[in-house]
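Data first, discussion second: the structure below is written as structure tokens.
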Amino acid sequence: ETGVTQSPTHLIKTRGQQVTLRCSSQSGHNTVSWYQQALGQGPQFIFQYYREEENGRGNFPPRFSGLQFPNYSSELNVNALELDDSALYLCASSLTGTGSYEQYFGPGTRLTVT
Amino acid sequence: GESVGLHLPTLSVQEGDNSIINCAYSNSASDYFIWYKQESGKGPQFIIDIRSNMDKRQGQRVTVLLNKTVKHLSLQIAATQPGDSAVYFCAEKGGGYQKVTFGIGTKLQVIP
């Protein structure tokens, strides 16, 4: 059984650029959630994907978008990057339909916007 | 790795003592609560959870207490070890999907 993996580990982008972050779910999990964690803060929910569709969204603008693929891996896309987008981006996988809400987090991607 | 615990409340505990980390939650409709541990440079790691129809749950060296009357959650760690040093977050889930809302973390420092 493999854990949740994310790529890249670190990324530096310039304001206005676009970025794509990737996440591979834990084996057998069908749901992926994305979180933004600013330094010294708790993770903030961005959105969740289940069956390749967005299944809930936090208070983030439309320039944050995502995809889930048939193999349950996922991408987070951020357009028109702003300095405040600098953060650790975490994905978490879980299994919907069993009554368990346990989420397994990846190590995160550290995004720096300059 | 980066520091996760900047400007967070800090609890310092002597090795071997018990630790109690407290958390207040806001949504009375939340039906599920989780404690996570986050070490520097890593994602949060599940510790223990509790459903809203329970008031206590025990794991290995950890106990979670839930007081719905005052919307308070606590995590007790028995015989705290240096490896327990990390930032601890409480989180709540409410609603039909699995959105988890994290609280303000607490940095636990274990003094050898």
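Predicted, not measured: the structure shown is a model, and the values here were computed from it.
Side-chain contact check for A:Leu90 versus B:Pro44: some heavy-atom pair is nearer than 4.5 Å. Counting heavy atoms from C-beta on, the side chains of B:Gln38 and A:Leu88 come closer than 4.5 Å. Between A:Gln37 and B:Phe89, some side-chain heavy-atom pair lies under the 4.5 Å cut-off.
To the nearest 0.5 Å, atoms CD1 (B:Ile48) and CD (A:Glu102) are separated by 11.0 Å.
Within a 6.0 Å radius of CZ in A:Arg15, other residues, nucleotides and ligands contribute 12 heavy atoms or fewer. Residue-environment remark: CZ (A:Arg51) stays at or below the threshold of 12 foreign heavy atoms within 6.0 Å.
No single ILVMFWY cluster, assembled from side-chain heavy atoms under 4.5 Å apart, contains both A:Tyr89 and A:Leu67. Residues B:Val87 and B:Phe33 do not share a hydrophobic cluster, clusters being chains of Ile/Leu/Val/Met/Phe/Trp/Tyr side chains in contact below 4.5 Å. In the hydrophobic clustering of ILVMFWY residues, with side-chain heavy atoms under 4.5 Å counting as a link, A:Phe64 and A:Val32 come out together.
Residues satisfying the salt bridge (charged side-chain N to carboxylate O under 4.0 Å, His left out) criterion with A:Glu54, sequence neighbours excluded, are A:Arg57.
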Check: Checking side-chain contact (heavy atoms from CB on, under 4.5 Å) for the pair B:Gln45/A:Tyr104: CA distance, chi angles, key distance, verdict?
Finding: CA-CA 7 Å; B:Gln45 177 188 359; A:Tyr104 293 83; over 6 Å; no

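The aromatic ring centres of B:Phe102 and A:Tyr35 sit less than 6.0 Å apart. The aromatic ring centroids of B:Phe46 and A:Phe105 lie 6.0 Å or more from each other.
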